[in-house]
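First the structure, in the form of structure tokens, and then the observations on it.
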Amino acid sequence: MSAPQTDGAARLEKFEAMLAAVQAQYADTTAQMERLKAAGRVKSATYRQLFAKKLNLQDMLTFYEVYGLL
């Protein structure tokens, strides 16, 4: 009966890794946007792509928060 606990532990570990990756990507994306903003490039395609990526990551983090996982 220890197999389900191992699977649960592995699943939790994967979840934690995914959460950390999403948080890191969010921070990195925000930093990139700030650099572009400082350079006056808020209307560039790159900035707009980063903005869309930031919104997607923010949505994911919001779901984690709604379900009490943050």
Side-chain angles (χ1 to χ4, degrees):
M1 293 276 169
S2 64
Q5 290 175 339
T6 303
D7 291 341
R11 186 174 180 180
L12 178 60
E13 187 177 317
K14 289 176 183 180
F15 167 78
E16 293 290 344
M18 180 182 166
L19 176 58
V22 170
Q23 290 172 321
Q25 285 183 25
Y26 182 83
D28 182 56
T29 300
T30 303
Q32 288 180 48
M33 289 176 68
E34 287 299 319
R35 285 192 294 274
L36 288 172
K37 187 175 182 180
R41 297 191 53 216
V42 294
K43 293 187 178 184
S44 68
T46 302
Y47 185 89
R48 292 174 188 209
Q49 289 172 341
L50 289 170
F51 184 77
K53 182 178 179 180
K54 179 181 174 184
L55 289 178
N56 285 331
L57 293 167
Q58 191 171 14
D59 282 345
M60 292 176 71
L61 291 171
T62 299
F63 273 117
Y64 293 140
E65 189 173 343
V66 166
Y67 285 92
L69 300 170
L70 278 180

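Not measured: the values here are computed from a predicted model.
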>> According to a hydrophobic-cluster definition based on side-chain heavy atoms being under 4.5 Å apart (Ile, Leu, Val, Met, Phe, Trp, Tyr only), do Tyr26 and Leu55 belong together?
In response: no

> Could you walk me through whether Met60 and Met18 pass the side-chain contact (heavy atoms from CB on, under 4.5 Å) check?
Replying inline: CA-CA 11 Å; Met60 292 176 71; Met18 180 182 166; 3.6 Å; yes

>> Would you compute the distance between atom CG of Leu61 and atom CD of Gln25 and round it to the nearest 0.5 angstrom?
In response: 10.0 Å

> Where do Arg48 and Lys43 come nearest, in terms of heavy atoms and distance?
Replying inline: NE-O, 3.4 Å

> When you look at Leu57 and Thr29, which way does the side-chain contact (heavy atoms from CB on, under 4.5 Å) test go after all the steps?
Replying inline: CA-CA 9 Å; Leu57 293 167; Thr29 300; 3.9 Å; yes

> About how many Å separate OG1 of Thr62 and CG of Leu70, when rounded to the nearest 0.5 Å?
Replying inline: 9.0 Å

>> When you compare the side chain of Thr46 with that of Leu36, does any pair of heavy atoms fall below 4.5 Å?
In response: yes

> Quick one: CD on Glu65 to CD on Gln58, what's the gap to the nearest 0.5 Å?
Replying inline: 10.0 Å

> Is any side-chain heavy atom of Thr30 closer than 4.5 Å to a side-chain heavy atom of Leu50?
Replying inline: no

> Does atom CZ of Phe63 have more than 12 heavy-atom neighbours, drawn from other residues, nucleotides or ligands, at distances under 6.0 Å?
Replying inline: no

